[in-house]
Amino acid sequence: MVLNIRVIAPDRTVWDANAEEVILPSSTGQLGILKGHIPLLTALDIGVMRVRINKEWKPIILLGGFAEIKNDKITILVNGAEAISEIDLSTAQNNLDKAIQLLTEAESSKDKIEATQSVRKARAKVQAAIVLNS
């Protein structure tokens, strides 16, 4: 274990542990972090953060925010997060299909924005289910 990772949501600390590697859903794509990474501040998108502990990957759904990497410490401030220990892939896929349907039916700008957020969250859950089942 070489990296200290802390995920902080407005209402609680979601994750505080050491890990070997982290893959973050940055706003410009997936960002892999290993020991000795240069200092960095990056925006995070809605997506799955993957944490490798003892050669096993654990997914955590992040709902956007920022990450600071400095001296092998990763501090992640997020709008919301969900640690996943179990998730059914077929249920997650059904929820994604429903969210996509709501997006296609959305008429107002507000409804389209809300539906887009729902699709992104549902897609992150499908990705987390794939990580857990692999």
Side-chain angles (χ1 to χ4, degrees):
M1 307 284 180
V2 293
L3 297 170
N4 177 262
I5 304 158
R6 247 180 127 191
V7 178
I8 304 167
D11 58 342
R12 64 192 165 99
T13 298
V14 177
W15 183 274
D16 190 358
N18 292 326
E20 300 153 1
E21 182 178 1
V22 176
I23 299 175
L24 296 171
S26 80
S27 58
T28 58
Q30 299 293 307
L31 177 63
I33 308 294
L34 295 168
K35 179 179 170 70
H37 198 284
I38 63 170
L40 175 71
L41 181 62
T42 186
L44 299 176
D45 205 354
I46 293 174
V48 178
M49 175 177 83
R50 294 166 184 85
V51 181
R52 186 167 58 98
I53 300 173
N54 298 324
K55 300 180 183 178
E56 184 178 323
W57 289 99
K58 300 187 181 301
I60 300 171
I61 296 173
L62 303 181
L63 303 178
F66 294 91
E68 178 187 41
I69 296 101
K70 188 175 180 181
N71 299 327
D72 295 330
K73 293 182 182 179
I74 303 172
T75 303
I76 301 168
L77 303 176
V78 293
N79 299 325
E82 189 176 331
I84 303 291
S85 59
E86 281 186 32
I87 190 168
D88 179 58
L89 180 56
S90 63
T91 300
Q93 186 62 54
N94 286 338
N95 290 339
L96 176 58
D97 293 341
K98 289 177 187 174
I100 290 170
Q101 182 63 34
L102 286 174
L103 178 58
T104 60
E105 295 171 356
E107 293 182 14
S108 71
S109 294
K110 180 183 178 221
D111 290 343
K112 288 179 183 179
I113 290 169
E114 289 174 358
T116 299
Q117 292 293 87
S118 294
V119 167
R120 293 170 77 196
K121 290 175 188 177
R123 189 170 288 134
K125 288 189 179 189
V126 168
Q127 291 172 350
I130 291 169
V131 170
L132 282 175
N133 293 321
S134 61

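Because the structure is predicted, anything quoted here is derived from the model rather than measured. Both backbone and side-chain heavy atoms feed into the values below; hydrogens, waters and symmetry mates do not.
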Notebook entry, point to check: Under 4.5 Å between side-chain heavy atoms, hopping through other hydrophobics if needed: is there a path connecting Leu102 to Leu96?
Noted result: no
Next item on the list: List for me each residue that meets side-chain hydrogen bond (donor to acceptor under 3.5 Å, both in side chains) alongside Arg123, sequence neighbours excluded, and say none if there are none.
Entry: none
Checklist line | Euclidean distance, Thr116 OG1 relative to Lys121 NZ, rounded to 0.5 Å | finding: 11.5 Å
Check: If you look at every heavy atom in Ile33 and Leu24, which pair is closest and at what distance?
Finding: CG1-CD1, 4.3 Å
Next item on the list: Go through the structure and list residues passing side-chain hydrogen bond (donor to acceptor under 3.5 Å, both in side chains) with Ser109, not counting sequence neighbours.
Entry: none
Next item on the list: First locate atom NE2 of His37, then atom CD1 of Ile74, and finally report the distance between them rounded to the nearest 0.5 Å.
Entry: 8.5 Å
Check: Would Leu40 end up clustered with Val78 when hydrophobic side chains under 4.5 Å apart are linked, directly or stepwise?
Finding: yes
Next item on the list: Mind jotting down which residue pairs meet the salt bridge (Lys or Arg N to Asp or Glu O under 4.0 Å) criterion with at least one end in residues 63-76? Sequence neighbours excluded, please.
Entry: Lys35-Asp72
Next item on the list: Kindly work out whether a path of hydrophobic side-chain contacts (I/L/V/M/F/W/Y, heavy atoms less than 4.5 Å apart) joins Val51 to Val2.
Entry: yes
Item checked: Co-members of Ile38 in a cluster of I, L, V, M, F, W and Y side chains, linked at under 4.5 Å -> none
Margin query: Give me each pair satisfying salt bridge (Lys or Arg N to Asp or Glu O under 4.0 Å) with a member in residues 92-107, each pair once, sequence neighbours excluded.
Written below: none
Checklist line | Where Ile23 and Gln30 come nearest, the two heavy atoms and their spacing | finding: CG2-OE1, 3.2 Å
Next item on the list: Identify the two heavy atoms, one from Ala115 and one from Leu103, that lie closest to each other, and give their separation to 0.1 Å.
Entry: CB-CA, 3.6 Å
In residues 5-17, what donor-acceptor pairs under 3.5 Å come from side-chain atoms, sequence neighbours left out?
residue: Arg12; atom: NH2; partner: Ala81; partner atom: O; Å: 3.2

Check: Could you give the distance from CG (Leu31) to CG (Leu44), rounded to the nearest 0.5 Å?
Finding: 8.5 Å
Check: Under the side chain to side chain contact (heavy atoms under 4.5 Å, CB included) test, which residues partner Ile113, sequence neighbours left out?
Finding: none
Next item on the list: Could you tell me the separation between the CZ atom of Phe66 and the OG atom of Ser26, rounded to the nearest 0.5 Å?
Entry: 12.0 Å
Notebook entry, point to check: Sequence neighbours excluded, which residues qualify as side chain to side chain contact (heavy atoms under 4.5 Å, CB included) partners of Thr91?
Noted result: Asp88, Asn95
Margin query: How close do Val22 and Met49 get, counting heavy atoms only, and between which atoms?
Written below: CG1-CG, 3.9 Å
Check: Residues in side-chain hydrogen bond (donor to acceptor under 3.5 Å, both in side chains) with Lys58, at least two apart?
Finding: Glu56
Margin query: Glu114: which residues meet the side-chain hydrogen bond (donor to acceptor under 3.5 Å, both in side chains) condition with it, sequence neighbours left out?
Written below: none
Check: So, does Glu20 use its side chain to make a donor-acceptor pair with the main chain of Asn54 at under 3.5 Å?
Finding: yes
Next item on the list: Quick one: closest heavy-atom pair of Leu62 and Ile76, and the distance?
Entry: CD1-CG2, 4.3 Å
Check: Roughly how far, to the nearest 0.5 Å, is the CH2 atom of Trp57 from the CZ atom of Arg52?
Finding: 5.5 Å
